[in-house]
Participant: 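Quick one: structure below, then a few questions.
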Amino acid sequence: MSRLQHLLELMCSVLIFAQLISGNNDDMEVLIELKGFLQVHNQINRGAYDGWLESEASPCNWQGVGCDTNGRVSSLDLSSSSISGPFFSNFSSLKSLIHLDLSDNSITGALPVDLNRCLGLKHLNLSYNLIGGVLNISSLTNLRTLDVSRNRFEGEISRNFLATCDELTILNVSSNNLRGNIIGLLDNCFQLEYVDLSLNRFTGQVTQGIASLIQFNAAENGLTGSIPLDMFPVGCKLQFLDLSGNHLFGNLPNSVSTCSSLRYLSLSENGFDGQIPPGIGVIPGLEKLILGSNNFAREMPFSLMNCSALKYLDISDNGFGGEVQGFFGKLESLTHLILHSNNYTDGIVSSGILRLPKLIMLDLSLNRFFGKLPTEVASMKSIKYLVLAENNFSGQIPLVYGQIAHLQVLDLSYNNLSGGIPADIGNLSSLLVLVLAGNQLSGEIPKEIGNCTSLLWLNLAANKLSGQIPPEIAGVGRDPSPTFARNQKDAAQLEIGTRKCLSVMRWIPLGYPGFNYVESEMSWKDCRSLEDRILKGYGIVTPPSVQPCIILGYVRFSGNLLSGQIPPIISAMGNFNLLLLDDNLLSGVLPSEISQMSLVALNVSRNIISGDIPSEIGQMVLLETLDLSFNNFSNELPSSLSQLYKLSKFNVSYNPLLSGNVPSTGQLSTFDKQSFLGNPLLSFHFTDHGPRLESNNDELSTEGTEKDPAKEETIVLIISFIVFFFATIAIREHDSFMYVYYTMKCRCASTKIYAEL
């Protein structure tokens, strides 16, 4: 080899090396630009990118950055990095980028044109952001995986939204606002295996091509028509099929049996009718079968007993009446049986479902069962979630229900149950949710309930419970961590229900912070996620306004006959974020210790609580709802309340002994007159934005009328006397009915005097 050849090779090597160095430097400059861009738009919470050191020679060791063998940036993972603001518009300068993950952030705005220049991208994940506008990525022809789920993309998707998808294997566009006909949409994507179109506005009919996929999810769209007979040809590869929440109708073809690898089949919330095809019974690995909210015939195919792997069966809301079919009691592999929203009247015991050895969850709510609650439930060794709500059960809660050792959810709400709450409930140390609301339960709250150390969702509202709140209530929910730890080991979601959150809508205090849900707007994914967070202890996250809060649990005793003072030791309930004690007969003072709770909502309205409003409430910085109305609080509003900057609902109406001035600054000044009605001694002047202070010497006016201060003082004395007189009589009587009567009489007398002003 000549010297010239050696020289040329050396020059080539130098040029290649120089190009690599230049490329590396270019990549580093882009990443430094990206870091600065993110820092500008994220002043406080920042991800790992904030630690990228510009002094380093190469970015390849930076967290979230991956490089190829030439030292060029090929992978960028900024998922869960607390990124907000617009999309960075210079990713295309990373010439070797093949993997980009920006998921689980709060990126807003539309996709920049620059993204379409990232021609080498093979994996793109933008899920769980706030990105909107049109989904235009037609130039990204090398994509293998695309996930843009849980965003705000909108508009019609046409056949060329991916100009070519020869390499695409995974497509997830779920939970957006996309529309268009799905027929032919993916015909040229021959490598596709996993497709999720759910929670959009797609239309059209389901076509035969889905049988070549491993997973197809088109739940909660606008698909119409029937399932054609040739939908499931021989060689069907489907393992997961979800067509729920559409407008499909007709018979389900028996040819579904050709999908021998199917593990999950959901057709709920459609208009299917006729027989459940017996061919389902020859699918050996089927684990979940969800057929709720259809019009299937009552007769069950006995071939289903061949599905030895079947664990989850939902045939709710199909209009089944009479006795529960004995067929269900023979499916010994079941762990979850969902039969709510039918018209069953009997057969809980005779069907054998209470003898299913592996049954973890049983939902028989929203039927027409009557008579006493079945005591045989206590023999169910595996049961954790028992939902018998919204039936016509009567009589007492069986004592043996306190012996169901592993029980985590007990929902007996909205029946006709009477008698007391069994003290044996205190034996249920794993109990997370206890909902007994809407019955005729009486007597005192058993002190033993304080032994329920996992209990965080306690709802006893709308009963006839009386007596004092036991101090032992402070022990409720003090250590749920062992139960949460067991549930968190389950990687799968703990699905308690499948149709529009019927269970969870009974559990949660709708309208309160963290629970401002509209049932019709909640998707099944939202519902299942909410249930899962409740039962695994992840809590419900309130919107991150001033200071986000994670709600773990709540207590609701509203609408009973509870009396006496709220026990100060209630402050020890550190895991509770909502305390709802309204519409009872509670008296005495509101304990200042209540301020030690991490509450986002406190409602003690419609009681006869007296004394000062504790100034310590002003220290409850998470408080969003505070309702003290219809009580006998007196003296001035604590100035500290104006420091509650998260407060969005506030009511002290009809506390006639409150006096002084409503602050003209701070949070209280943002509320209008509806928050202060029926308080003649409060001094304020309302503007369009809330109360405005007037001096104490100014005349108080209401609709042009003047009030005589001497007359007001006389009226206050009369009201105070009436309150004291009737309350004293009621206390002497020790009778709940008399207590209610005298309290109502007192309030009516007060209202009459106000009217005469």
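Since we're looking at a predicted model, the values are computed, not measured.
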Participant: Nearest 0.5 angstrom please: Leu192 CG to Ile214 CD1, how far?
Facilitator: 10.5 Å
Participant: On the six-membered ring of Tyr49, is Lys35 placed so that its NZ or CZ lies under 6.0 angstrom from the centre and within 45° of the ring axis?
Facilitator: no
Participant: Should the ring pair His99 and His123 be called parallel, tilted or perpendicular, given that the plane angle runs from 0 to 90° and is split at 30 and 60?
Facilitator: tilted
Participant: Would one find more than 12 heavy atoms of other residues, nucleotides or ligands at under 6.0 Å from atom CG of Leu53?
Facilitator: yes
Participant: Can you tell me if Ser80 and Asp104 form a side-chain donor-acceptor pair at under 3.5 Å?
Facilitator: yes
Participant: Over 60° means perpendicular and under 30° means parallel, so tell me whether Phe87 and Phe91 are parallel, tilted or perpendicular.
Facilitator: perpendicular
Participant: Could you tell me if Asp166 and Gln191 have a donor-acceptor pair between their side chains, going purely by distance under 3.5 Å?
Facilitator: no
Participant: In terms of side-chain heavy atoms, does His247 have a donor or acceptor partner in Thr224 at a distance below 3.5 Å?
Facilitator: no
Participant: With a 3.5 Å cut-off and no angle check, do the side chains of Asn200 and Glu220 form a donor-acceptor pair?
Facilitator: no
Participant: Can you check whether Ile107's main-chain N or O pairs, donor with acceptor, with Asn129's side chain at less than 3.5 Å?
Facilitator: yes
Participant: Ignoring hydrogens and angles, tell me if any N or O in the side chain of Asn246 forms a donor-acceptor pair with the backbone of Asn270 under 3.5 Å.
Facilitator: no
Participant: Please round to the nearest 0.5 Å and tell me the distance separating atom CD1 of Ile283 and atom CG of Leu289.
Facilitator: 8.5 Å
Participant: How long is the span from the CG atom in Asn217 to the OG atom in Ser198, to the nearest 0.5 Å?
Facilitator: 4.0 Å
Participant: Once rounded to the nearest 0.5 Å, what's the spacing between atom CG of Asp147 and atom CG of Leu102?
Facilitator: 11.5 Å
Participant: Quick check: are there more than 12 heavy atoms from other residues, nucleotides or ligands sitting under 6.0 Å from CZ of Arg152?
Facilitator: no
Participant: Please walk me through it: do Arg72 and Asp27 pass salt bridge (Lys or Arg N to Asp or Glu O under 4.0 Å)?
Facilitator: CA-CA 7 Å; Arg72 299 298 303 271; Asp27 287 353; 2.9 Å; yes
Participant: Can you tell me if Gln63 has over 12 outside heavy atoms packed within less than 6.0 Å of its CD?
Facilitator: no
Participant: Between Trp62 and Trp52, what is the ring plane arrangement, given parallel below 30°, perpendicular above 60°, and tilted in between?
Facilitator: parallel
Participant: For Tyr128, does the OH atom have more than 12 heavy-atom neighbours from other residues, nucleotides or ligands under 6.0 Å away?
Facilitator: no
Participant: Using distance alone, with no hydrogens and no angle criterion, decide if Asn90 and Ser93 have a side-chain donor and acceptor under 3.5 Å apart.
Facilitator: yes
Participant: For the side chain of Asp242 and the backbone of Ser244, is there at least one donor-acceptor N/O pair under 3.5 Å apart?
Facilitator: yes
Participant: Assess, by modelled atom type and distance only, whether the side chains of Ser293 and Asp317 contain a donor and an acceptor separated by less than 3.5 Å.
Facilitator: yes
Participant: Regarding Ser84 and Asn42, do their side chains bring together a donor and an acceptor under 3.5 Å, going by distance alone?
Facilitator: yes
